[in-house]
Amino acid sequence: MRILVTGGAGFIGSNFLNLFVARYPEHHFINLDKLTYAANLLNLTEIENLPNYTFVQGDLTDRPLLDQVFDRFQPDRMVHFAAESHVDRSISEPGAFIYTNILGTFHLLEICKKNWQESNGKFREGTLLHHVSTDEVYGSLGAEGLFTEDSRYDPSSPYSASKASGDHLVRSYFRTYGLPVLITNCSNNYGPYQFPEKLIPLMILHALEGKPLPVYGKGENVRDWLYVEDHCEAIWTVMEKGILGETYNIGGNYERKNIELVHTICDLLGAELNRDPQEFKDLIVFTRDRPGHDLRYAIDSSKMMKLGWQPRETFTTGLQKTVQWYLNHRPWVESVQSGAYQNWMKQQYDEKIIK
Ligand code: NAD
Ligand code: DAU
């Protein structure tokens with residue numbers, strides 16, 4: 001297979017490539033990534049010289065470039081990770097989310113349709129677009145219940161609304177044209193190579209630097225955490241065994257309140273560094289809440305599990321591995337803490353921290 005991966009220099013895309021490029025030398029992986037602030041080519045050093053891997057820098061909406069990529073590599077599969085992915089950024093600057101998550105997805109659908117549709121209107125055997133999406137499209141749960149594949153779309157932020165739009169477009173290309181597609185909607189991922197604007201890496205790195213640990217609102221919001229490699233394995237399983245046109249929800253079955261999670265990170269750092277965890281807990285500050293902040297996400301993964309997938313990592317082992325990874329990868333951390341990151345964090349502080 002020739003697999004075009006979009007957004008493969010970001011957090012989940014690079015974990016996906018690191019796992020599967022080495023595991024499947026018989027497949028050729030082409031990584032198309034614009035290299036936004038969230039991307040880092042250092043994420044891919046393990047595989048960058050392998051003969052079945054090619055990197056192309058470019059934007060999803062650049063149609064001449066998409067034509068060139070299809071002419072040259074003739075991909076028969078696409079795994080679409082590329083997105084603007086951070087909720088807080090979507091609140092302060094939504095434009096890029098509309099551009100990439102909606103318009104970018106539209107351009108990919110069009111290029112796949114153009115290249116994979118045969119003269120009889122049917123699609124070439126073996127072609128497939130796998131659209132990677134999020135549980136946030138379903139909005140917020142109350143204290144009880146789980147998201148299923150039938151949950152109503154009810155997005156709260158410009159990010160989740162743009163992902164919901166992408167999902168709707170993908171589904172419409174299946175229903176209208178018969179384009180072979182699969183959609184997965186996953187809960188919160190964590191693990192190596194996550195950009196430190198997201199909760200877990202942000203807390204680890206702030207604690208190490210003695211900076212405030214900003215918990216939004218009262219820290220009562222609940223997320224369902226999944227180790228990133230388990231998400232990647234789930235995507236591969238769905239590509240192998242999923243039914244075209246269907247949606248599969250993926251979750252870790254590990255719900256935690258944000259404040260509890262931050263305490264656990266402080267405990268793990270204390271244990272790793274032989275320091276009193278209270279030193280880190282004293283850095284916690286409660287800030288103004290995120291507007292439109294979804295209270296709780298939790299996933300019913302039973303449809304996914306019927307395909308034979310289940311998470312391998314427990315939250316305890318996964319979080320410990322993640323803390324150790326950030327402690328042991330200082331050059332990576334320094335590479336992402338560039339000007340763009342510093343400016344963003346400064347803006348966050350100016351707006352949110354209650355001084
Ligand atoms: P990320 O922000 O770490 O990476 C996104 C990547 O997309 C970056 O490498 C970036 O350069 C690239 N990109 C952005 N705009 C582009 C464009 N116009 N053209 C080409 N490339 C572009 O994101 P992530 O956390 O790895 O998420 C990947 C996907 O998984 C997203 O679609 C996201 O919605 C979805 N998802 C993420 C999570 C999570 O917890 N992180 C959970 C569920 C679903
Ligand atoms: O559920 C899947 C989604 O998970 C993905 O689609 C998104 O791309 C990904 O960013 C993530 O969204 P969240 O908004 O849930 O993740 P984030 O790490 O930004 O925040 C997790 C929770 O922690 C959320 O309730 C907000 C809170 N938070 C976050 C940050 C960055 C804080 O309390 N303080 C913080 O500094």
Side-chain angles (χ1 to χ4, degrees), residues 1-85 96 98-119 122-133 162-163 166 169-170 173-174 177-184 232 235-236 239 244:
M1 287 188 288
R2 291 173 299 277
I3 304 173
L4 179 59
V5 174
T6 72
F11 165 48
I12 307 176
S14 61
N15 276 283
F16 181 90
L17 287 166
N18 282 325
L19 271 180
F20 297 123
V21 172
R23 188 184 298 174
Y24 296 115
E26 67 276 28
H27 302 322
H28 188 170
F29 295 79
I30 306 104
N31 175 11
L32 172 67
D33 196 302
K34 183 177 175 179
L35 299 185
T36 69
Y37 78 94
N40 192 339
L41 289 176
L42 286 181
N43 299 4
L44 296 158
T45 46
E46 283 172 36
I47 56 150
E48 65 188 357
N49 294 321
L50 294 182
N52 62 328
Y53 171 73
T54 307
F55 174 69
V56 179
Q57 182 175 5
D59 193 304
L60 303 179
T61 60
D62 183 344
R63 279 301 286 279
L65 176 76
L66 292 182
D67 279 325
Q68 278 176 34
V69 168
F70 269 76
D71 286 349
R72 178 159 168 215
F73 299 105
Q74 301 188 352
D76 36 34
R77 298 242 162 153
M78 184 183 299
V79 189
H80 175 31
F81 291 99
E84 288 293 335
S85 69
I98 307 306
Y99 175 81
T100 290
N101 301 359
I102 305 178
L103 203 57
T105 302
F106 163 71
H107 282 287
L108 294 181
L109 288 162
E110 280 290 294
I111 200 80
C112 290
K113 178 164 150 305
K114 177 178 156 198
N115 282 273
W116 294 344
Q117 198 168 32
E118 296 177 320
S119 51
K122 297 224 163 89
F123 284 85
R124 211 172 64 233
E125 191 68 28
T127 55
L128 174 65
L129 189 164
H130 185 115
H131 176 64
V132 180
S133 192
S162 68
K163 290 297 292 185
L169 279 171
V170 171
Y173 271 62
F174 175 74
Y177 308 108
L179 186 76
V181 304
L182 289 162
I183 301 176
T184 44
C232 297
I235 291 170
W236 198 272
M239 286 205 295
L244 292 180

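Numbers here are sequence positions counted from 1. The figures here come from the full heavy-atom set of this structure, side chains too, leaving out hydrogens, waters and symmetry mates.
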Rounded to the nearest 0.5 Å, the SG atom of Cys112 sits from the CZ atom of Arg77 at a distance of 12.0 Å

Here the gap from Asn31 atom CG to Ile47 atom CD1, rounded to the nearest 0.5 Å, amounts to 7.5 Å

Between Ala96 and Glu84, the two heavy atoms sitting closest are O-CG, 3.7 Å

Distance-only, no hydrogens or angles: does the Trp116 side chain make a donor-acceptor pair with backbone N or O of Gly126 under 3.5 Å?
no

- Considering only heavy atoms from C-beta outward, does the side chain of Phe81 approach that of Ile235 to under 4.5 Å? yes

Taking every heavy atom of Leu182 against every heavy atom of Met239, the minimum-distance pair comes out as CD1-CA, 3.9 Å

Between Val132 and Val79 the two heavy atoms that sit nearest each other are CG2-CG1, 4.1 Å

So CD of Gln74 and OG1 of Thr127: to nearest 0.5 Å the spacing works out to 13.0 Å

Open item on the list: Please evaluate residues Leu41 and Glu48 with respect to the criterion side-chain contact (heavy atoms from CB on, under 4.5 Å), reporting the C-alpha separation (whole Å), side-chain torsions for both, the decisive distance (0.1 Å), and the verdict.
Closed with: CA-CA 9 Å; Leu41 289 176; Glu48 65 188 357; 5.6 Å; no

Taken to the nearest 0.5 Å, the spacing of Lys163 NZ from Ile183 CD1 works out to 10.0 Å

Separation between CG (Leu19) and CD (Glu46), nearest 0.5 Å, reads 9.0 Å

Inset, instruction - Determine whether Thr105 and His80 make a side-chain contact, defined as any pair of heavy atoms from C-beta on separated by less than 4.5 Å. - result: yes

Can you give each donor-acceptor pair under 3.5 Å made by side-chain atoms of residues 55-71, sequence neighbours left out, with the distance rounded to 0.1 Å?
from  : atom 1 : to     : atom 2 : distance (Å)
Gln57 : NE2    : Lys34  : O      : 3.3
Asp59 : OD1    : Thr61  : N      : 2.8
Asp59 : OD1    : Thr61  : OG1    : 2.8
Asp59 : OD2    : Lys34  : NZ     : 3.1
Asp59 : OD2    : Tyr99  : OH     : 3.4
Thr61 : OG1    : Tyr99  : OH     : 2.7
Asp62 : OD1    : Leu65  : N      : 3.2
Asp67 : OD1    : Lys114 : NZ     : 2.8

Here the pair of heavy atoms bringing Asp76 nearest to Arg124 is CB-NH2, 3.9 Å

Residues passing the side chain to side chain donor-acceptor pair (under 3.5 Å) test with Asn101, sequence neighbours excluded, are Ser162

- Query: Considering residues, nucleotides and ligands other than Arg72, do more than 12 of their heavy atoms fall under 6.0 Å from its CZ?
  - Reply: no

Parallel, tilted or perpendicular for Tyr173 and Phe106, by the 30°/60° rule?
perpendicular

Heavy-atom nearest pair, Ala83 first then Thr100, reads CA-CG2, 3.7 Å

- Main-chain N/O of Ser14 paired to Asn43 side chain as donor or acceptor, under 3.5 Å: no

* To do: Mark yes or no for whether His27, through its side chain, and Met1, through its backbone, hold a donor-acceptor pair below 3.5 Å.
  => yes

When every non-hydrogen atom of Lys113 is compared with those of Phe123, the smallest separation belongs to CA-CE2, 3.8 Å

In this structure, CD1 of Ile3 is separated from CZ of Phe16 (nearest 0.5 Å) by 6.0 Å

Query raised in the report: Quick check: does any side chain N or O of Asn52 sit under 3.5 Å from a backbone N or O of Tyr24, one acting as donor and the other as acceptor?
Result: yes

Using ring-ring contact (aromatic ring centres under 6.0 Å, His included), reason through Phe20 and Phe29 one step at a time and then give a plain yes or no.
CA-CA 9 Å; Phe20 297 123; Phe29 295 79; 7.4 Å; no

Practice item. Taking the side chain as every heavy atom from C-beta outward, state whether Ile111 and His107 have any pair of such atoms under 4.5 Å apart. Key: no

Distance-only, no hydrogens or angles: does the Thr6 side chain make a donor-acceptor pair with backbone N or O of Ala82 under 3.5 Å? yes

Applying ring pair (Phe, Tyr, Trp, His ring centres under 6.0 Å) to Phe11 and not counting sequence neighbours gives none

Margin query: A quick test of your reading: do over 12 heavy atoms of other residues, nucleotides or ligands sit less than 6.0 Å from CD of Glu26?
Written below: yes

